[in-house]
Protein chains: 2
Amino acid sequence: MQLHRDDVVDGAIAILDQYGLADLTMRRLAGALRVQPGALYWHFPNKQALLGAVADRILAPMERPVAAGDWSGALTELAHRLRDCLLTYRDGAELVSATYASRLTTSTGRERLAGTVVRAGIPREQAELAAYTLLYYVLGHTVDEQSRMQMDSAGALTDPPAESTGPLAESPDPTARFDFGLQLFTAGIRHRLGSDVR
Amino acid sequence: MQLHRDDVVDGAIAILDQYGLADLTMRRLAGALRVQPGALYWHFPNKQALLGAVADRILAPMERPVAAGDWSGALTELAHRLRDCLLTYRDGAELVSATYASRLTTSTGRERLAGTVVRAGIPREQAELAAYTLLYYVLGHTVDEQSRMQMDSAGALTDPPAESTGPLAESPDPTARFDFGLQLFTAGIRHRLGSDVR
DNA sequence: ACCTGAACACCGTTCAAGT
DNA sequence: ACCTGAACACCGTTCAAGT
């Protein structure tokens with residue numbers, strides 16, 4: 001049985017989702033694929049490249065077209081879809097955020113965000129900056145949200161009726177909290193459209 | 001010569017700044033302090049705790065009072081100061097962002113940001129959310145900015161007259177780019193003050 | 001072309017034992 | 001109280017050699 005590039009990514013995703021990013025090692029992955037660690041290096045030059053391919057897989061749904069017509073609807077849809085991608089697998093947000101340090105530049109999600117902001121009427125250069133701003137927010141929020149989820153599902157067993165873990169514990173819906181920052185962002189864009197935009 | 005907790009943090013900061021986060025290992029740090037690796041575990045329970053102490057050191061200037069009187073000035077000042085803290089040492093942004101996954105909740109910088117937003121006239125719960133939003137932006141932006149700086153100073157020797165590295169290469173001043181996102185944020189806050197705030 | 005076997009140069013952490 | 005010595009259980013990566 002030949003091992004293909006996609007099989008390696010499949011195996012990596014499986015380990016990621018079941019055991020988390022810390023357990024996603026080349027040796028463990030090789031073991032799961034019933035192969036020697038060195039074999040992986042025929043398919044990928046190094047671990048970083050493998051993680052990049054995993055990140056691409058996680059973000060694949062970002063390619064699909066958006067339904068919303070107006071720019072603010074499209075922006076909201078893209079931001080939510082990005083968050084959904086990151087939340088699909090355990091430690092997905094952390095992996096993408098760690099792996100896309102510089103890779104963000106070529107990310108297709110970033111381009112589409114920027115294009116949508118341009119459509120709103122913001123000059124190209126500023127739209128690029130706005131896209132980054134939104135991206136930083138979505139990544140930061142989702143990494144935080146996901147790590148809290150995992151802390152909760154671990155702590156729920158050891159610490160059942162804990163009062164509150166911090167100033168965010170009382171906020172009800174994670175999605176509502178996400179939307180708050182999103183609305184702050186779109187309001188900021190709208191304000192730039194109102195004022196002198198040049 | 002007795003080794004104290006602060007000496008360990010000093011040594012860690014020195015290695016971080018000279019060789020980067022990847023080279024900040026317990027063994028290397030022990031070597032620099034002329035001590036066995038195990039000795040560090042008398043002063044800190046594990047590496048994570050050590051990195052937390054390093055992060056606290058990096059963020060120490062956040063405690064100083066702010067000069068600006070109005071809320072938007074104070075917000076801008078705090079955001080800039082946070083960025084400055086992160087840029088002071090090599091890989092500072094990456095270390096803080098990696099180490100403060102859950103530690104953000106108790107961070108003093110976050111509290112002060114939230115307090116400032118409350119002063120603007122936003123209800124407490126929303127102000128907390130806004131503070132997180134700003135924090136995610138500053139961290140994301142600065143990690144990106146700092147990693148680009150290091151890629152440039154490494155690539156400048158191997159790749160002198162490269163055309164452009166991406167859609168951000170033409171933007172002139174990193175500080176101006178930082179301010180753009182910051183203004184987007186404050187405009188968003190201001191918009192919430194204008195509308196029904198409850 | 002694709003993989004094995006085996007090594008190289010590291011990690012973080014623990015812990016009896018020393019002083 | 002503070003540290004050494006030495007081990008344990010891992011890492012990512014390389015590379016001759018096999019098929």
Side-chain angles (χ1 to χ4, degrees), chain A residues 1-56 90-91 94-103 147 154, chain B residues 1-56 90-91 94-103 147 154:
Chain A
M1 270 318 309
Q2 261 258 61
L3 188 66
H4 287 105
R5 218 172 174 276
D6 279 357
D7 304 327
V8 178
V9 176
D10 286 344
I13 291 260
I15 292 180
L16 179 72
D17 204 32
Q18 289 180 42
Y19 306 100
L21 184 56
D23 282 0
L24 180 46
T25 69
M26 297 301 265
R27 300 180 102 99
R28 215 172 190 298
L29 176 56
L33 296 170
R34 308 194 159 282
V35 111
Q36 294 294 318
L40 301 178
Y41 289 84
W42 198 93
H43 297 277
F44 293 93
N46 49 49
K47 187 180 182 179
Q48 171 78 3
L50 206 197
L51 291 180
V54 173
D56 286 341
R90 205 229 271 215
D91 289 339
E94 199 186 334
L95 184 145
V96 168
S97 141
T99 241
Y100 269 40
S102 57
R103 264 170 131 270
S147 88
Chain B
M1 271 317 309
Q2 262 259 62
L3 188 65
H4 287 105
R5 219 173 173 276
D6 279 356
D7 304 327
V8 178
V9 176
D10 286 344
I13 290 262
I15 291 180
L16 179 73
D17 203 32
Q18 289 180 42
Y19 306 100
L21 184 56
D23 283 1
L24 180 47
T25 70
M26 297 301 265
R27 300 180 103 99
R28 215 173 191 296
L29 176 55
L33 297 170
R34 308 193 160 282
V35 110
Q36 294 294 317
L40 300 178
Y41 289 83
W42 198 91
H43 298 277
F44 293 93
N46 50 48
K47 186 180 182 179
Q48 172 78 2
L50 206 197
L51 291 180
V54 173
D56 286 341
R90 208 231 268 215
D91 287 340
E94 199 186 335
L95 184 145
V96 168
S97 141
T99 240
Y100 269 40
S102 57
R103 265 172 130 270
S147 87

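Letters go in sequence order (proteins before strands), and every chain restarts at 1.
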Can you check whether [X] reaches [Y] side chain to side chain, under 4.5 Å on heavy atoms?
X        : Y        : answer
Leu29(B) : Leu50(B) : yes
Asp56(A) : Val9(A)  : no
Pro37(B) : Arg27(B) : yes

Inset, instruction - Enter the distance from Leu16(A):CG to Glu94(A):CD here, rounded to the nearest 0.5 Å. - result: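 Answer rounded to 0.5 Å: 9.5 Å.
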
Legend entry - Value rounded to 0.5 Å, distance of CG in Leu3(B) from NE2 in His43(B):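 One gets 4.0 Å once the value is rounded to the nearest 0.5 Å.
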
Please write out each protein N/O paired with an N/O of nucleotides 17-19 of chain C under 3.5 Å, distance rounded to 0.1 Å.
none

Legend entry - Euclidean distance, atom CD of residue Gln48(B) to atom C1' of dT13(C) [Å, nearest integer]: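 Nearest whole value for this atom pair: 15 Å.
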
Legend entry - Distance in angstrom units between Lys47(A) NZ and dC11(D) P, rounded: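 It works out to 9 Å between those atoms.
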
Inset, instruction - Can you establish whether the number of heavy atoms outside Phe44(B) located under 6.0 Å from its atom CZ is more than 12? - result: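 Yes, enclosed.
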
Tell me the closest heavy-atom pair linking [X] and [Y], and the distance in Å.
X        : Y        : result
Asp23(A) : Arg28(A) : O-CD, 2.8 Å
Asp91(A) : Gly20(A) : OD2-CA, 3.2 Å
Ala53(A) : Arg5(A)  : CB-NH1, 4.4 Å
Ala12(A) : Val54(A) : CB-CG2, 3.7 Å

Inset, instruction - Would you please confirm or rule out a distance under 4.0 Å between OP1 or OP2 of dA1(C) and any side-chain N or O of Gln2(A)? - result: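 False: Gln2(A) side-chain N/O out of range (4.0 Å or more) of dA1(C) OP1/OP2.
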
Legend entry - dC10(D) to dA9(C) separation - P atoms, rounded to the nearest Å: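 Here dC10(D) and dA9(C) have their P atoms 22 Å from each other.
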
Inset, instruction - Give, ordered by number, those residues of residues 6-37 of chain B having at least one heavy-atom distance below 4.0 Å to an atom of DNA chain D; if nothing qualifies, reply none. - result: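 Arg27(B), Val35(B), Gln36(B), in order of number.
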
Legend entry - Residues within residues 39-46 of chain B bordering DNA chain D, heavy-atom distance below 4.0 Å: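 Contacting residues: Ala39(B), Trp42(B), His43(B).
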
Inset, instruction - List in chain and number order the residues that pass side chain to side chain donor-acceptor pair (under 3.5 Å) with Asn46(B), two or more places apart in sequence or in another chain; answer none if no residue qualifies. - result: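 Applying side chain to side chain donor-acceptor pair (under 3.5 Å) to Asn46(B) gives none.
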
Legend entry - Residues forming a side chain to side chain donor-acceptor pair (under 3.5 Å) with Asp7(B), sequence neighbours excluded: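 Result, side chain to side chain donor-acceptor pair (under 3.5 Å) vs Asp7(B): none returned.
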
Inset, instruction - Could you give me the CA-CA distance, side-chain angles and deciding distance for Leu33(A) and Leu40(A), then say whether side-chain contact (heavy atoms from CB on, under 4.5 Å) is met? - result: CA-CA 10 Å; Leu33(A) 296 170; Leu40(A) 301 178; 4.0 Å; yes

Inset, instruction - Dot-bracket notation for DNA chain C is requested: 5' to 3', Watson-Crick or G-U wobble pairs only, both distances under 3.5 Å, with ( ), [ ], | and . as defined. - result: ||.|||||...|||||.||

